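Since the structure comes first, as structure tokens, the remarks are kept for the end.
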Amino acid sequence: MKKVLRVLGFLILAIVLLIAAGAAFIHFRGVPSYEPREVQVNIPTDSTSLARGEHLATLICADCHRGEGNKLSGKQMVDVPDFFGYVHSGNITRDKKYGAGRYTDGELIHFLRTGIKRDGGYSYVMTGFPHLSDEDLFSIVAYLRSDAPQLDPVSKPSPPCRPTFFTKFLANVVFKPFPYPEKTILAPPITDKVAYGRYLVNGGVDCYACHSASFTTNNPLEPEKSAGYLAGGNILIDPTDLREITSANLTPHPVHGIGKWTEAEFAEAVRYGKRRGGGSLSAAMPKFTVMTDEEISAIYAFLKTVPATDHAVDRVK
Ligand code: HEC
Ligand code: HEC
């Protein structure tokens with residue numbers, strides 16, 4: 001009996017030591033680095049692409065990157081959950097030293113697809129856009145190179161993010177950079193409402209990322225496989241008063257989802273943050289003010305097709 005206990009004691013000690021060694025490894029290694037790459041791309045310069053890029057960047061990038069004076073110079077993101085640690089978005093102005101201007105087109109496209117920065121660092125909050133069509137992604141870069149006033153050079157470095165142990169753990173074990181796509185990625189035509197709505201929800205504006213169960217269980221490569229896909233429950237922080245806000249169930253469930261919402265009510269919520277039945281939604285829900293009627297209609301049509309999920313989300317009213 002004594003011998004068994006002694007063996008057991010050694011075993012437990014060995015396990016504890018292994019866990020401690022693993023934790024120390026993750027702590028000191030931090031977020032792993034990867035091989036940066038510069039891919040071959042031709043960024044368009046025509047006015048249609050620039051306008052398209054401006055529209056998409058306003059919908060997708062501006063909310064996280066808008067800093068002082070309306071410039072896209074980056075900001076501290078107080079609205080991401082605490083477990084990410086201190087998060088500051090990047091300076092994406094044309095500045096050649098500190099902004100997106102220091103990236104070549106090929107480096108920028110590689111980063112935006114994979115999440116691997118030009119210095120090899122892995123961007124674990126903004127993990128990249130694996131589903132945006134080539135045309136859309138290239139137009140965004142065309143816009144970033146344009147002389148739009150929001151992109152006028154701001155010569156100021158963005159303070160580096162400071163990951164918590166939990167984020168380092170996730171970045172070592174769960175999160176991985178996305179592979180660079182081997183083929184051209186095409187968007188469905190906007191006339192195919194359901195397909196286009198799905199494209200926006202999963203691949204561009206990423207409604208699913210906030211509206212599924214948790215950032216830690218999202219599946220960015222196959223969004224529909226995320227835990228609690230679009231059924232709400234993810235905890236966000238309201239940037240104005242730092243309250244915790246649970247995201248809403250966007251499935252067509254008549255009680256817990258948006259099954260009874262009209263398209264007009266939906267549009268008011270998405271564009272202006274209006275709550276159905278009066279009042280305002282928390283600022284944890286971005287206002288997609290520039291979203292066109294066609295885009296809203298496509299998203300609404302797609303949301304009608306996802307399975308109605310009986311997930312009651314307790315939200316601040
Ligand atoms: C959810 C918020 C969020 C969204 C949406 C977002 N970003 Fe970012 N972005 C960040 C954060 C946070 C960082 C800092 C990452 C880091 O340093 O690890 C960053 C960094 C960057 C950088 C700088 C990388 C470097 O090496 O310093 C570029 C360029 C960039 N983003 C471009 C974009 C573009 C273009 C879009 C839209 C297509 C976009 N971002 C959308 C949060 C976001
Ligand atoms: C950054 C995270 C985030 C993103 C991205 C986001 N949402 Fe939200 N959304 C929220 C949160 C949080 C709430 C709950 C706000 C509240 O309760 O006041 C919400 C609420 C809503 C509501 C109100 C639902 C209700 O029951 O009151 C609708 C509709 C909605 N979002 C649609 C969308 C659509 C469509 C997209 C993509 C175009 C989107 N959201 C993207 C965080 C987000």
Side-chain angles (χ1 to χ4, degrees), residues 55-56 58-60 62-63 79-81 131 187-220 222-241 243-317:
H55 177 68
L56 290 170
T58 309
L59 278 182
I60 304 175
D63 199 56
D79 47 344
V80 295
H131 307 292
I190 193 157
T191 45
D192 184 348
K193 273 190 165 184
V194 171
Y196 198 76
R198 176 173 179 264
Y199 171 69
L200 292 175
V201 168
N202 288 352
V205 195
D206 283 3
C207 319
Y208 91 93
C210 287
H211 281 279
S212 300
S214 162
F215 289 117
T216 57
T217 49
N218 277 346
N219 184 339
E222 293 175 276
E224 271 135 353
K225 293 193 179 157
S226 302
Y229 177 67
L230 289 174
N234 200 354
I235 310 285
L236 287 114
I237 312 284
D238 183 314
T240 55
D241 57 14
R243 268 184 317 165
E244 281 194 350
I245 306 287
T246 311
S247 70
N249 180 339
L250 296 186
T251 74
H253 192 278
V255 179
H256 303 305
I258 58 165
K260 290 197 177 136
W261 291 49
T262 63
E263 191 172 319
E265 288 167 335
F266 179 73
E268 289 287 296
V270 174
R271 280 205 190 107
Y272 309 114
K274 297 240 174 83
R275 199 180 274 285
R276 183 178 187 247
S280 306
L281 294 166
S282 138
M285 162 69 190
K287 293 183 184 63
F288 298 95
T289 325
V290 302
M291 201 172 264
T292 65
D293 290 345
E294 281 157 305
E295 286 165 335
I296 293 202
S297 195
I299 294 179
Y300 183 77
F302 168 65
L303 291 176
K304 289 270 171 208
T305 70
V306 306
T309 306
D310 179 17
H311 180 222
V313 178
D314 188 20
R315 292 190 296 122
V316 183
K317 291 280 176 257

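Please read all numbers here as calculations on a predicted model, not as lab measurements.
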**OP:** With side chain to side chain contact (heavy atoms under 4.5 Å, CB included) as the test, would you mind laying out the steps for Tyr229 and Val201 before giving the verdict?
**Re:** CA-CA 11 Å; Tyr229 177 67; Val201 168; 4.1 Å; yes
Original post:
Who are the side-chain contact (heavy atoms from CB on, under 4.5 Å) partners of Ser280, not counting sequence neighbours?
Top reply: none
Original post:
What residues form a side-chain contact (heavy atoms from CB on, under 4.5 Å) with Pro254, not counting sequence neighbours?
Top reply: Lys260
**OP:** Pick out which of Asp79, Val80, Asp63 makes a side chain to side chain contact (heavy atoms under 4.5 Å, CB included) with Pro239.
**Re:** Asp79
**OP:** With Ser212 as reference, evaluate Leu250, Asn234, Asn218, Asn219 under the side chain to side chain contact (heavy atoms under 4.5 Å, CB included) test and give the passing residue.
**Re:** Asn218
Subject >> Residue pairs involving residues 282-291 (criterion side chain to side chain donor-acceptor pair (under 3.5 Å); sequence neighbours excluded) >> reply: Asp238-Ser282
What I'd like to find out is whether the side chain of [X] reaches to under 4.5 Å of the side chain of [Y], using heavy atoms alone.
X      : Y      : result
Leu236 : Ser247 : yes
Phe302 : Thr305 : yes
Thr246 : Asp314 : no

**OP:** Report yes or no: does Glu265 contribute a side-chain atom to a donor-acceptor pair with the main-chain N or O of Thr262 at less than 3.5 Å?
**Re:** yes
Original post:
Within the side chain of His131, is there an N or O that forms a donor-acceptor pair under 3.5 Å with the backbone of Pro220?
Top reply: yes
With sequence neighbours left out, what residues match [X] under salt bridge (charged side-chain N to carboxylate O under 4.0 Å, His left out)?
X      : result
Lys304 : none
Glu294 : none
Glu295 : none
Glu263 : none

**OP:** Scan for ring pair (Phe, Tyr, Trp, His ring centres under 6.0 Å) pairs involving residues 244-273, sequence neighbours excluded, and state none if there are none.
**Re:** His253-His256, Phe266-Tyr300
**OP:** Could you name each residue pair satisfying ring pair (Phe, Tyr, Trp, His ring centres under 6.0 Å) that touches residues 187-218, not counting sequence neighbours?
**Re:** Tyr196-Tyr199
Subject >> Partner residues of Thr251 under the side-chain hydrogen bond (donor to acceptor under 3.5 Å, both in side chains) criterion, sequence neighbours left out >> reply: Asn249
**OP:** Could you pull out all residues at least two apart from Thr217 that satisfy side-chain hydrogen bond (donor to acceptor under 3.5 Å, both in side chains)?
**Re:** none
Original post:
Can Arg271 and Asp293 be counted as an ion pair, charged N to O under 4.0 angstrom?
Top reply: yes
**OP:** Give the intermediate values and the outcome of side chain to side chain contact (heavy atoms under 4.5 Å, CB included) for residues Ile237 and Ile245.
**Re:** CA-CA 6 Å; Ile237 312 284; Ile245 306 287; over 6 Å; no
**OP:** Using the salt bridge (Lys or Arg N to Asp or Glu O under 4.0 Å) rule, collect all pairs that involve residues 194-212, keeping only residues at least two apart or in two chains.
**Re:** Arg198-Glu224
Original post:
At what distance, to the nearest 0.5 angstrom, does CD1 of Ile235 lie from OG of Ser214?
Top reply: 8.5 Å
Original post:
Which is it for His55 and Thr292 under the side chain to side chain contact (heavy atoms under 4.5 Å, CB included) test, yes or no, and what are the steps along the way?
Top reply: CA-CA 10 Å; His55 177 68; Thr292 65; 4.0 Å; yes
